[in-house]
Colleague: 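Take this structure, written in structure tokens, and hold onto it; I'll ask about it next.
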There are 4 protein chains.
Amino acid sequence: MSIQTRRERDAQKMKEDILAAAREISNQDGFASISIRKIAQKIEYTPSIIYHYFSNKEEILEQLLESGYLKLTTSLASSKRISDNPEDTLRIMTRTYIEEALKIPEEFAIVHSDSSPNVIKHTSFLFEGASEKRKAIHMIKKCIIDMNPQEELEGGKVELTAQSIAAATMGLTLKLIAEKNLEEAQKKKIIDYFSDEMVVRMAKYPGK
Amino acid sequence: MSIQTRRERDAQKMKEDILAAAREISNQDGFASISIRKIAQKIEYTPSIIYHYFSNKEEILEQLLESGYLKLTTSLASSKRISDNPEDTLRIMTRTYIEEALKIPEEFAIVHSDSSPNVIKHTSFLFEGASEKRKAIHMIKKCIIDMNPQEELEGGKVELTAQSIAAATMGLTLKLIAEKNLEEAQKKKIIDYFSDEMVVRMAKYPGK
Amino acid sequence: MSIQTRRERDAQKMKEDILAAAREISNQDGFASISIRKIAQKIEYTPSIIYHYFSNKEEILEQLLESGYLKLTTSLASSKRISDNPEDTLRIMTRTYIEEALKIPEEFAIVHSDSSPNVIKHTSFLFEGASEKRKAIHMIKKCIIDMNPQEELEGGKVELTAQSIAAATMGLTLKLIAEKNLEEAQKKKIIDYFSDEMVVRMAKYPGK
Amino acid sequence: MSIQTRRERDAQKMKEDILAAAREISNQDGFASISIRKIAQKIEYTPSIIYHYFSNKEEILEQLLESGYLKLTTSLASSKRISDNPEDTLRIMTRTYIEEALKIPEEFAIVHSDSSPNVIKHTSFLFEGASEKRKAIHMIKKCIIDMNPQEELEGGKVELTAQSIAAATMGLTLKLIAEKNLEEAQKKKIIDYFSDEMVVRMAKYPGK
DNA sequence: AATGAATGAGACTTCATTCAT
DNA sequence: AATGAATGAAGTCTCATTCAT
């Protein structure tokens, strides 16, 4: 390994250490109380050095959120191959989404509460046409279509249904994060019920 | 009116002025940037005097959130009398909830993202037994029962359903708040679809 | 004295203490090295309190310059009543200007080197029409006119002459400030020669 | 060319690049905001390397000022050969000085405001005997002598006159730099009047 | 010759809070 | 009831400089 690659790797590691420290603080005291000083203390360096790796605090926060969001979407995307049955696919997707989100609670909460243009740009899914632009909504839409073969589906309604499902899942997830002291058993019960039954009910058009 | 009651009333007014100022700041610059100084500037008093009415900043924030939550639940409670039809009741409740929440977006978002014990104490509804302790969940549960007369309902499942509906509604509301630049027409379409159709579908047990 | 006036006076005193401290620092280490911290240390208060009296550092610097400039112009204005002889008036004005400036060397140097609009607004005197707008130039112009009774004076030239004299005087003053280690005797010789002879020569039109 | 000389030349070039970068920064954001980092960024090297060529920041600033001053005096020196007429020589020298100075406004202003020993060492000219040690003063003195052939000139007075002229010219130049938004026409008028008429009047002893 | 990591000091500023009046 | 003075902690950031490589 050349000196340069080694240096780059070290720098990369430092960056990750900084982000990790920030993440920790976020999980302990809340995202809003992340500070350069606290990060520095955690990584046992002076605050100044942080500016060697990030140009300012904002960049750190951005990357933090981005990495969180990325993790979520990638793990979600990988879940689609699991089943051929649309109902099960929807179930698994929902469950995966919730479980992955619960691994990065603070970032998830922030990402989905933040309404700054920069974040919204990535996270919005209520706009008309979201089922084309947002992979997750698209995937849900496909499940819905497959689950209602005999129906004459109006495109707009299907999208609205998919969006509702996504919003509902996100809502439950946020609530699970906020109520972090909920008993494990109850937590499991809710996740099971929601992803196994509720979500399917939402996706299935009521028989006439 | 005695001098004392008058004083009390004045004090009450001052408290409300302070909270109102805080609310304004929250809506303008975000909840996190509420500061004693800014409040003082807004009410045109010195920062010190605020400590006459509140023992510290936290108390102000708490009461702010509480009042926001209160407004929401009271307006919700009043909606129940509107209809005798459980389906319509659920529809109206949902719509009312969303609309009222959109009037106090910042506080709503905060209340439902905050996971500090003090807030959670009031806002949690995923715990087992919530349909007894939480008016809103209780009301939803009643609607569900009325809407599924012929079913043999397992108590636990009904509560889980009610909780899911509540979480879903909250999720959609949060998303609507975050995506504040959504077009009005689309916003309306989503609210209509969700409260008129989606929520009913969630509440109705699928025929066997 | 009412409590309020007393408070105001105290506040005024504090402001002046702060400015005095700043002035001292400026004279010791240079204007550029004035810092809130150093001021605080000098007045034996915490840095924070300074923001009680000035909204930021800039305001302090501005007032510092302004006060320096003010002192100069007022002392200059008072010199005009001394003599009825225009030649002597010019001499005295010049001398007064130099001597007063040497009492506030740093501020003088700054004020007359600074080219920021805010400062220039007050200190510029090379523009056309300056003999109407600038008291000092106006006074010099009057001396020139009185000193050249038999000449047919072209207005524009008189102003240019006045401006040249002002610039020359300022230049010498600046140089005296910069060369602060100049021997007193030599310093005196130069000031004497310049204000007694040179300036008169500049003001007198050469006989044809 | 030997390797060594080549190295030296490279080193020399690097030094000049550094100084050039510093000069640019000075002209853009002001002399005071020159920083090692900014220089480094401009020459596209790391800050550290600068310490290879200069032992610290101060040395850079010093050389910067010195080089500016040098440029000025050399261009001044070259003007003397233009005319045999002492009056015209003085005129041309004055004009050249002003014009050259206006090409390096920031450095000129700094050089002539700075009172640190290192700078003063080069720029002072008010001391007794300056007409021997300072080329410019010497040249002015010679012009004065040539312009007043019939006078019995007292040596001291001639030097004082030369010094006054130099200070006056410098003063006008500084003022022209500070009032950078002065209209071009007016600027020209002043420079013309000062160098064509004023300076001659200063140099010529009044007839008895 | 050149780099990148690191430091420590210091810059301005905002904040919540206390206290005497 | 209300003020104004004051503090101390914390915030972000910039800087000159050193050192090992």
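Excluded from the calculations below are hydrogen atoms, water molecules and symmetry mates; all remaining heavy atoms, backbone and side chain alike, are included. Throughout, a chain's letter reflects where its sequence line sits, starting with A, and its residues are numbered from 1.
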Colleague: Heavy atoms only: give me the nearest B/Thr46-B/Ala40 pair and the separation to one decimal.
Modeller: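 Answer, listing the atom of B/Thr46 first, then B/Ala40: C-CB, 3.7 Å.
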Colleague: Testing the basics here: between D/Ser33 and D/Lys38, what is the closest heavy-atom pair and its distance to 0.1 Å?
Modeller: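 In this case the closest contact between D/Ser33 and D/Lys38 is O-NZ, 2.9 Å.
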Colleague: What is the distance from CD of C/Glu58 to C1' of E/dT13, rounded to the nearest Å?
Modeller: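 It works out to 14 Å between those atoms.
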Colleague: Can you tell me the distance, in whole Å, between the CD1 atom of C/Ile25 and the P atom of E/dA11?
Modeller: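 One finds 9 Å between P of E/dA11 and CD1 of C/Ile25, rounded.
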Colleague: Among the candidates F/dT17, E/dT14, F/dT12, find the nucleotide nearest to the side-chain atoms of D/Pro47.
Modeller: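 When the side chain of D/Pro47 is considered, F/dT17 is the closest of F/dT17, E/dT14, F/dT12.
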Colleague: Taking atom types as modelled, is there a side-chain donor on C/Gln63 or C/Ser67 under 3.5 Å from an acceptor on the other?
Modeller: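 C/Ser67 and C/Gln63 do not have a side-chain donor-acceptor pair below 3.5 Å.
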Colleague: Mind calculating the distance between CD1 (D/Ile43) and P (E/dA1) to the nearest angstrom?
Modeller: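 From D/Ile43 CD1 to E/dA1 P: 14 Å.
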Colleague: Please work out if B/Tyr45 contacts a base, only the sugar-phosphate, or nothing of the nucleic acid, heavy-atom cut-off 4.0 Å.
Modeller: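 Sugar-phosphate, no base atom in range.
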Colleague: Using a cut-off of less than 4.0 Å, is there contact between a side-chain N or O of A/Arg37 and OP1 or OP2 of F/dA10?
Modeller: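 Answer is no, no contact under 4.0 Å.
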Colleague: Just to confirm, is there a sub-4.0 Å distance from OP1 or OP2 of F/dG11 to any side-chain nitrogen or oxygen of A/Ser35?
Modeller: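 Yes, A/Ser35 has a side-chain N/O under 4.0 Å of OP1/OP2 on F/dG11.
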Colleague: So if I take every side-chain heavy atom of B/Tyr51 and compare against F/dG4, E/dC12, E/dA16, which nucleotide ends up nearest?
Modeller: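 Selected nucleotide (nearest to the side chain): E/dA16.
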Colleague: Ignoring hydrogens and angles, answer whether the base of E/dG4 and the side-chain atoms of D/Thr46 contain a donor-acceptor pair closer than 3.5 Å.
Modeller: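 When only heavy-atom distances are counted, D/Thr46 does not reach the base of E/dG4 through any donor-acceptor pair under 3.5 Å.
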Colleague: Holding to side-chain contact (heavy atoms from CB on, under 4.5 Å), I want the full list of residues that pass it with C/Leu61, two or more places apart in sequence or in another chain.
Modeller: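 C/Leu61 satisfies side-chain contact (heavy atoms from CB on, under 4.5 Å) with C/Phe31, C/Ile34, C/Lys57 once adjacent residues are dropped.
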Colleague: Pick the closest DNA chain F nucleotide for C/Glu44 and for A/Asn56 by heavy atoms, then say which residue is nearer the 5' end.
Modeller: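 The residue mapped nearer the 5' terminus is C/Glu44.
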Colleague: For a quick test of reading the model: is some side-chain N or O of D/His52 closer than 4.0 Å to OP1 or OP2 of E/dA1?
Modeller: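 D/His52 to E/dA1 OP1/OP2: side-chain N or O found under 4.0 Å.
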Colleague: Roughly, in whole Å, what's the span from CD in C/Glu59 to P in E/dC12?
Modeller: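 Going from CD in C/Glu59 over to P in E/dC12 covers 15 Å.
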Colleague: Can you tell me which stems DNA chain F forms when a stem means 3 or more consecutive Watson-Crick or G-U pairs under 3.5 Å?
Modeller: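 Stem list for DNA chain F: E:2-21 with F:2-21.
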Colleague: Measure from the side chain of C/Ser48, starting at C-beta and using heavy atoms only, and say which of F/dG11, E/dA5, F/dG8 lies closest.
Modeller: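 Within the option list, the nearest is F/dG8.
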Colleague: So which one's nearest nucleotide on DNA chain E is more toward 5', B/Lys38 or B/Ser55?
Modeller: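 Upstream on the strand: B/Lys38.
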Colleague: Looking at C/Tyr53, I'd like to know whether one of its side-chain N or O atoms comes within less than 4.0 Å of OP1 or OP2 on F/dA6.
Modeller: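 Answer is yes, contact under 4.0 Å.
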Colleague: Please work out if C/Ile49 contacts a base, only the sugar-phosphate, or nothing of the nucleic acid, heavy-atom cut-off 4.0 Å.
Modeller: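 It contacts base atoms.
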Colleague: Given 3.5 Å as the limit, does a donor-acceptor pair link the side chain of A/Ser124 with the main chain of A/Ile120, or not?
Modeller: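 A pair under 3.5 Å: yes.
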Colleague: Looking at D/Leu65 and D/Glu107, what are the two nearest heavy atoms and their distance?
Modeller: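 Shortest heavy-atom separation between D/Leu65 and D/Glu107 comes out as CD2-O, 4.3 Å.
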Colleague: Tell me what B/Ile50 touches on the nucleic acid: a base, only sugar-phosphate, or nothing, going by heavy atoms under 4.0 Å.
Modeller: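 Touches nothing.
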Colleague: Does A/Asn56 use its side chain to pair, donor to acceptor, with the backbone of A/Glu59 at less than 3.5 Å?
Modeller: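 Yes, A/Asn56 side chain to A/Glu59 backbone: donor-acceptor pair under 3.5 Å.
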Colleague: Ignoring hydrogens, what is the shortest heavy-atom contact between C/Asp17 and C/Ile43? Give both atom names and the distance.
Modeller: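 Looking at all heavy atoms of both residues, the shortest contact is O-CG2, 3.9 Å.
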Colleague: Return whichever of A/Met14 or C/Lys57 has its heavy-atom-nearest nucleotide of DNA chain E closer to the 5' end.
Modeller: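 It is A/Met14 whose nearest nucleotide is closer to the 5' end.
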Colleague: Taking atom P of F/dC15 as reference, at what distance in whole Å does atom CD1 of D/Ile39 sit?
Modeller: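 In whole Å, F/dC15 P and D/Ile39 CD1 are 11 Å from each other.
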Colleague: For the pair made of CD in C/Gln12 and P in F/dG4, what is the distance, rounded to whole Å?
Modeller: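 That distance rounds to 15 Å.
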Colleague: What is the distance from CD1 of D/Ile36 to C1' of F/dT17, rounded to the nearest Å?
Modeller: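 Nearest whole value for this atom pair: 9 Å.
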Colleague: Just how far, in rounded Å, is C1' of F/dA16 from CG of D/Leu61?
Modeller: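 My rounded result for the distance is 12 Å.
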